[in-house]
Amino acid sequence: MSEADGATEQIIEMRLPSRLGYERIAMDTAASLARRMGFTPERIDALRTAIGEAVTNAIEHGNQADAAMKVVVVLTIRTDELIISVADQGRKVLDPAQTFLQPRITDAFQRADKGGWGIWLIRELMDEVEFSFAPGSGNQVRMVVHLERPPVIKP
Amino acid sequence: MQLIIPSVLGYEVVVRDAVASFAQRYGLPPDRIEDVKTVLCEACTNAIEHGNGSDPHRRVRVCCTVDEQSLVIAVCDEGELPPTLPGKPVEWCSMPYPSRRGLGLKLIVALSDEVSIAADPTFGTCIRLVFYRDPRSGIHTS
Amino acid sequence: MLEDELTVNIRHRDGVAVIDLIGDVTTFAEEKINNAYRQVTDKGARYILFNFRQNDYINSAGIAILIGIVTEVNQNGQRLAVSGLSPHFQKIFRMVGLAQYAEIYQTEDEAISAFKRLNTIN
């Protein structure tokens, strides 16, 4: 799991059934990987939350909690970053406007539905976030976290 | 749940943590989860080093399924099929393994409740590991 | 697959209703948290502390539940505080704006002392 491996990037793929609870396994797997890549505990916590939200969205919204439908999580490991892609099978296509919401707690007090924080949290916590929607083939979110190494001090 | 990793040593630890999380969510007792972790590392290391010859372009597939009695894990590599094994399951001990692989297999057999190895015509070699939720519950025929 | 496990305890300490939330705060926690809040409110609680323990998973659905509680706390003229959150979830509570409506304390003792000071002033 280092540059000596000869390949510039490595890929781990997970296929999960659309049942709540499986997002925990994606979180634990990504955290295990990120720890080994050298991410700080703070970044790993942020990563856990972002992946949890992305997979929960894919399960509940994209795949409408149909356990037979799969959520595919692809973890691309590069020397200086980790890319996480979460894709569903698009039983319900996400409204692109939903991915740019800036929820406010004072508005939430007035609404019956207090939710809508998931995608906003993903955007706040990750370095790069990109949503894509393909009718019939599913929703996908691509999240990137950069690995910040301490600067090398030269003598 | 399915997990696919490159044949690079180190990734077996990520598989171990993923499946441990799965087993924990499934409610497997902690001591059984330790068995699963050890067995899985050995099985993945075998698949990476021996099955796939540490070729990072070859992949190792790990499939986990659960039912009320047991957790079933299949670890498959993309190695060449042994010519004498046309896809039928074989007894683990009859396979001609080098010594280090043999030690890993001893651990695998000692800690899992059922083990079988099959030469899968599509994937390569698959090892199927079964862990009973309650090891005292005896032999399951399913 | 098991659902997320949350254990909720209710205690009363120095005039504060302490609600221990032990485990995960996700969509599965809604009924337990709302019931605990209603129970202490029906008994006239003015000061409420959510004491988080072993919470390695609080997600956006859990945050929505807590915003629901804050909505009622504001309407009922109660005071709410939280303690025991990890630095990560303290950060998220601040990002979302929950920290403006529920004071964040590191420990239960700190929160109780703060409530006591508040009580003597009022």
Side-chain angles (χ1 to χ4, degrees), chain A residues 16-28 30-32 34 39-61 65 67 71 98 101-126, chain C residues 1-6 23-34 37 50 52 54-80 82 84-104:
Chain A
L16 306 168
S18 295
R19 196 177 304 139
L20 278 186
Y22 277 95
E23 80 279 12
R24 290 296 298 265
I25 294 158
M27 290 161 69
D28 289 345
S32 163
F39 282 98
T40 62
E42 293 77 17
R43 293 295 273 165
I44 294 170
D45 281 339
L47 193 65
R48 288 180 65 91
T49 291
I51 293 179
E53 295 299 331
V55 175
T56 301
N57 275 346
I59 292 171
E60 288 193 308
H61 301 294
V71 176
Q98 291 278 324
L101 292 180
Q102 293 279 340
R104 288 195 322 199
I105 194 166
T106 45
D107 297 335
F109 290 151
Q110 313 298 323
R111 292 197 312 259
D113 176 9
K114 313 287 187 199
W117 300 90
I119 290 173
W120 175 79
L121 271 177
I122 293 172
R123 286 204 188 276
E124 291 288 313
L125 294 171
M126 299 286 92
Chain C
M1 194 57 59
L2 302 177
E3 292 189 348
D4 293 311
E5 295 275 335
L6 176 74
D24 301 328
V25 181
T26 67
T27 190
F28 300 112
E30 184 159 20
E31 207 179 304
K32 283 180 186 167
I33 293 178
N34 287 343
Y37 171 72
F50 277 130
F52 290 85
Q54 297 160 34
N55 314 97
D56 63 5
Y57 187 29
I58 301 174
N59 69 4
S60 64
I63 287 165
I65 297 166
L66 296 170
I67 293 174
I69 299 286
V70 167
T71 310
E72 290 192 54
V73 161
N74 291 348
Q75 283 164 0
N76 295 334
Q78 297 159 310
R79 292 294 292 257
L80 179 68
V82 297
L85 285 171
S86 73
H88 174 64
F89 290 116
Q90 290 183 26
K91 181 176 92 177
I92 285 186
F93 274 44
R94 291 198 181 93
M95 283 165 56
V96 167
L98 269 170
Q100 291 170 44
Y101 301 91
E103 204 81 47
I104 296 176

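Order of the sequence lines fixes the chain letters, A, B, ..., with proteins taken first and strands second; residue numbering starts at 1 for each chain.
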Participant: Identify which part of C/I67 has an atom lying under 4.5 Å from any heavy atom of chain A, answering side chain, backbone, both or neither.
Facilitator: both
Participant: State the OG-CD1 distance between C/S60 and A/I122, to the nearest 0.5 angstrom.
Facilitator: 8.5 Å
Participant: Against chain C, work out which of A/G52, A/G116, A/A108, A/A46 has the most heavy-atom pairs shorter than 4.5 Å and name it.
Facilitator: A/A46
Participant: CZ of A/F109 to CD of C/Q75: how many Å apart, nearest 0.5 Å?
Facilitator: 10.0 Å
Participant: Answer yes or no: is there a side-chain heavy-atom contact under 4.5 Å between A/T56 and C/T27?
Facilitator: no
Participant: Look up atom OG in C/S86 and atom CD in A/E42, then write down how far apart they are to the nearest 0.5 Å.
Facilitator: 10.5 Å
Participant: Just how far is it from atom CE of A/M27 to atom CG of C/D56, taken to the nearest 0.5 Å?
Facilitator: 7.0 Å
Participant: Rounded to the nearest 0.5 Å, how far apart are OG1 of C/T26 and CG of A/L20?
Facilitator: 7.5 Å
Participant: For residues 88-99 of chain C, please give each side-chain donor-acceptor pair under 3.5 Å, one per line with the distance, not counting sequence neighbours.
Facilitator:
from: C/H88; atom 1: NE2; to: A/D45; atom 2: O; distance (Å): 3.2
from: C/H88; atom 1: NE2; to: A/T49; atom 2: OG1; distance (Å): 2.7
from: C/Q90; atom 1: OE1; to: C/Q106; atom 2: NE2; distance (Å): 3.4
from: C/Q90; atom 1: NE2; to: C/L85; atom 2: O; distance (Å): 2.9
from: C/Q90; atom 1: NE2; to: C/Q106; atom 2: OE1; distance (Å): 3.2

Participant: Which pairs pass salt bridge (Lys or Arg N to Asp or Glu O under 4.0 Å) with one or both residues in residues 48-59 of chain A, sequence neighbours excluded?
Facilitator: A/D28-A/R48
Participant: Decide yes or no for A/R24 and C/D24: does some side-chain heavy atom of the first lie under 4.5 Å from some side-chain heavy atom of the second?
Facilitator: yes
Participant: How many angstroms lie between CZ in A/R111 and OG1 in C/T71, if you round to the nearest 0.5 Å?
Facilitator: 10.0 Å
